[in-house]
Each structure stands twice: as C-alpha cells, then as structure tokens.
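Taking it in order: structure first as structure tokens, then the write-up.
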Amino acid sequence: MIEIGIPFSDPMADGPVIQSSSNKALKNGMSLKLLFEQLKDIRKEVDIPLLLMGYLNPVLQYGVERFCRDCEATGIDGIILPDLPLEEYLGESGSLLSDVNNHNNHNNHNNHNNHNNHNLHTLFTHHNLHNIFLISPQTSPDRMAKIDSISKGFIYMVSSSSTTGVKGSFTQEQISYFDRIRAMKLKNHTLIGFGISNKESFAAACKYASGAIIGSAFVKMLSESKDLEKDIGKFTEGIIGGIM
C-alpha cells in the first residue's frame, strides 16, 4: 500500500520533516491538479492500493465532487483527511455539505453532482473511495465503534497524541492503548502510524495491529537520496526484511 501526500501549507498533524517537504513541493508549484496529472497513468504500472493523504482545505478549494471523480478516474482507493470530523463526513452537522455544494456549483457549472449525494460518506462511496479515519489514545470507545461501523479498508491508529515524525520505542502507556484497541475486536484492520521509523518500531507495531505506516523516515530518505531506485529498495528491505 502506498500513501501519496497532498502538500498543504498548514499540515497540523505532521512534524518538521513532512512540513518541510510540503513547503518545498508548494514552492515548486505542486497542486492537486498537477498531482492528478502526474498520477493519471499510474495504474498502468502499479496495482497495489493507493491512498491520498492531505487536509480538507485543498480538497474544498479543488471542489469535492471534482476531487472524488478524479480520484476514481486515477485509480485511488482511499483518502486520509485528518481534519475531517466524523460528524461532517456523515453530514450530521449539516454545515460542510452546504459548503461542498457551493464549491461544486461554483467550480463546475455543469453540476455533475446530480446523483443527490446527501453527505460525504455517500459521495465517497459513489466514487468507490474508502475514507480512512484516525483514532488516538483519547478517542472514546463509543466513537471508535462508530468509526469501525462505517469504515472499510482499515483504521489508522495514531500511536500517540503527537505529530508525525521519528520517535523512540513504545511506552507502556502506548502498549496499553494498543492492547485496548485489540481487545475491542474491531471488524476493520488497524494500522499503527506516527513514530514508526525503523525495523524495530515497525516490528513492534505489527505485534499489536495488522501493520504499520512509515511516513517521515521515508520522506527524509527521499530528500537525502542520490539514487532513488536503489535507496528506496534498500530502505524497504531494511524495514521489512525478515519480518514479512
């Protein structure tokens, strides 16, 4: 599974490495429109699941319906938007849906949103997109159960209440949190992210979940690489070699 970042100027869930990469990408002219252009032929060579991770503001600016259509056309399987609340996604608050419709009508005079999507959940489902929700040690059991009931794909377990980036080994408090989630026997797979940076932390996370997500350490390697093809292979083997 590959997670492709959508650069944003204020990535509140990300640490300095991904903040820096986002700033660099934006200065180089990266946008959602350009990202979709770059990805348009990716399914000719890549057949593993692809996710886009970013923030709600660029999606609203692009137009939510247009974004979903382009994701589907490109072959994107899922979306991670850390600042998209569950209630907004389900349309329970009602406020975001009106903004979505306004953006769609403003950005798309032909109004392709003619299948009467009542909320983002319906819209994402219509375009075969899984919305991946994040949970943290502070997420209540009731909220976790609700997220689990509407999710497909997997649930993103944030390892701690912090931003992305390299951390040390897991604390006992984190392990207790992992055990608590595992005991809930959620129907969806869980993947642990934030602070997973090497073979040791990856292996430790996989003991408590279906897998783990590595972001900042990989982005840091890319920024320092002189030979991407060689270094990506070396990095991946260094993480999963002997484990998977």
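Both backbone and side-chain heavy atoms feed into the values below; hydrogens, waters and symmetry mates do not.
- Going from atom CZ of Arg182 over to atom OG of Ser210 covers 10.5 Å, rounded to the nearest 0.5 Å.
- Under the salt bridge (charged side-chain N to carboxylate O under 4.0 Å, His left out) criterion, the residue pairs touching residues 41-53 are Asp41-Lys44, Arg43-Asp77, with sequence neighbours excluded.
- The side chain to side chain donor-acceptor pair (under 3.5 Å) test applied to Asn128 returns Glu72, not counting sequence neighbours.
- Closest of all the heavy-atom pairs between Ala212 and Cys206 is N-SG, 4.2 Å.
- Judged purely by atom type and a 3.5 angstrom limit, Asp83 has no side-chain atom pairing as donor or acceptor with the backbone of Tyr55.
- Between the Lys199 side chain and the Gly241 main chain, a donor and an acceptor come within less than 3.5 Å of each other.
- Proximity of a side-chain donor or acceptor of Asn119 to a complementary backbone N or O of Leu90 within less than 3.5 Å is detected.
- The CD1 atom of Ile80 lies 12.0 Å from the NE2 atom of His130; values are rounded to the nearest 0.5 Å.
- Residues satisfying the side-chain contact (heavy atoms from CB on, under 4.5 Å) test with Ile42, not counting sequence neighbours, are Leu39, Val46, Leu50, Thr74.
- Atom CD1 of residue Ile192 and atom OG1 of residue Thr190 lie 6.5 Å apart, to the nearest 0.5 angstrom.
- A 4.5 Å side-chain heavy-atom check between Glu65 and Leu123 finds at least one atom pair inside the cut-off.
- Under the side chain to side chain donor-acceptor pair (under 3.5 Å) criterion, Lys207 pairs with no residue at all, not counting sequence neighbours.
- By the side-chain contact (heavy atoms from CB on, under 4.5 Å) test, Asn57 is found to be paired with Phe8, Gln61, residues two or more places apart in sequence or in another chain being considered.
- Residues Asn23 and Ser9 come closest through the heavy atom pair OD1-O, 4.5 Å.
- The number of heavy atoms from other shown groups lying within 6.0 Å of CD (Glu229) does not exceed 12.
- Contact detail for Ile79 and Cys71: the closest heavy-atom pair is CD1-SG, 3.7 Å.
- We find the CG-CG distance between Leu52 and Leu81 to be 9.0 Å, quoted to the nearest 0.5 Å.
- The closest side-chain heavy-atom distance from Ile181 to Ile155 is not below 4.5 Å.
- Nearest heavy-atom pair across Pro7 and Ala25 is CG-CB, 3.6 Å.
- You'll find the side chain of Asn188 stays beyond 4.5 Å of the side chain of Phe154, heavy atoms only.
- Pairs passing the salt bridge (charged side-chain N to carboxylate O under 4.0 Å, His left out) check and including a residue from residues 128-145, sequence neighbours excluded, read Glu87-Arg143.
- Looking at heavy atoms from C-beta onward, Phe202 lies out of side-chain contact with Ile213 at the 4.5 angstrom threshold.
- Every residue two or more places apart in sequence or in another chain that forms a ring-ring contact (aromatic ring centres under 6.0 Å, His included) with Phe133 is listed here: Tyr89.
- With sequence neighbours excluded, the residues that form a ring-ring contact (aromatic ring centres under 6.0 Å, His included) with Tyr208 are Phe178.
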*With side-chain contact (heavy atoms from CB on, under 4.5 Å) as the test, would you mind laying out the steps for Leu51 and Met1 before giving the verdict?*
CA-CA 8 Å; Leu51 306 175; Met1 184 183 303; 3.5 Å; yes
*Dump the intermediate steps for side-chain contact (heavy atoms from CB on, under 4.5 Å) on Phe194 and Met157, then the final yes or no.*
CA-CA 9 Å; Phe194 287 41; Met157 282 179 63; over 6 Å; no
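- When the side chain to side chain donor-acceptor pair (under 3.5 Å) test is applied to Lys187, no partner is found at least two apart in sequence or on another chain.
- Gln19 has its side chain out of reach of Lys24: every pair of non-hydrogen atoms, C-beta onward, lies at least 4.5 Å apart.
- Here Thr171 pairs with Glu173, Gln174 under the side-chain contact (heavy atoms from CB on, under 4.5 Å) rule; sequence neighbours left out.
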_For Glu88 and Leu120: C-alpha separation, side-chain torsions, deciding distance, then whether side-chain contact (heavy atoms from CB on, under 4.5 Å) applies._
CA-CA 8 Å; Glu88 297 282 11; Leu120 292 179; 5.5 Å; no
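- A 4.5 Å side-chain heavy-atom check between Cys68 and Leu129 finds at least one atom pair inside the cut-off.
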*Start with the C-alpha distance between Asn198 and Ser201, add both sets of side-chain angles, then the distance that settles side-chain hydrogen bond (donor to acceptor under 3.5 Å, both in side chains), and finish with yes or no.*
CA-CA 6 Å; Asn198 52 36; Ser201 55; 2.9 Å; yes
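- No continuous path of ILVMFWY side-chain contacts below 4.5 Å connects Leu26 to Leu32, so the two sit in separate hydrophobic clusters.
- Pairing each heavy atom of Arg180 with each of Pro137, the nearest pair is NH2-O, 3.2 Å.
- Rounding to the nearest 0.5 Å gives a distance of 9.5 Å between NE2 of His121 and CG of Asn131.
- Summarising the geometry, atom OH belonging to Tyr156 is positioned 14.5 Å from atom OG belonging to Ser151; distances are rounded to the nearest 0.5 Å.
- Listed by chain and number, the residues in a side chain to side chain donor-acceptor pair (under 3.5 Å) with Ser225 are Asp231 (sequence neighbours excluded).
- The backbone N or O of Gly233 lies less than 3.5 Å from no partner atom in the side chain of Thr236, so there is not a single donor-acceptor pair.
- Judged by distance alone, with hydrogens and angles left aside, the side-chain atoms of Ser223 form a donor-acceptor pair with the main-chain N or O of Lys220 at under 3.5 Å.
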*Apply side-chain contact (heavy atoms from CB on, under 4.5 Å) to Val158 and Ile135, showing your working.*
CA-CA 6 Å; Val158 177; Ile135 61 173; over 6 Å; no
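- Every side-chain contact (heavy atoms from CB on, under 4.5 Å) that Ala204 has, sequence neighbours left out, goes to Phe170.
- You'll find the ring centres of Phe36 and Tyr62 inside the 6.0 Å limit.
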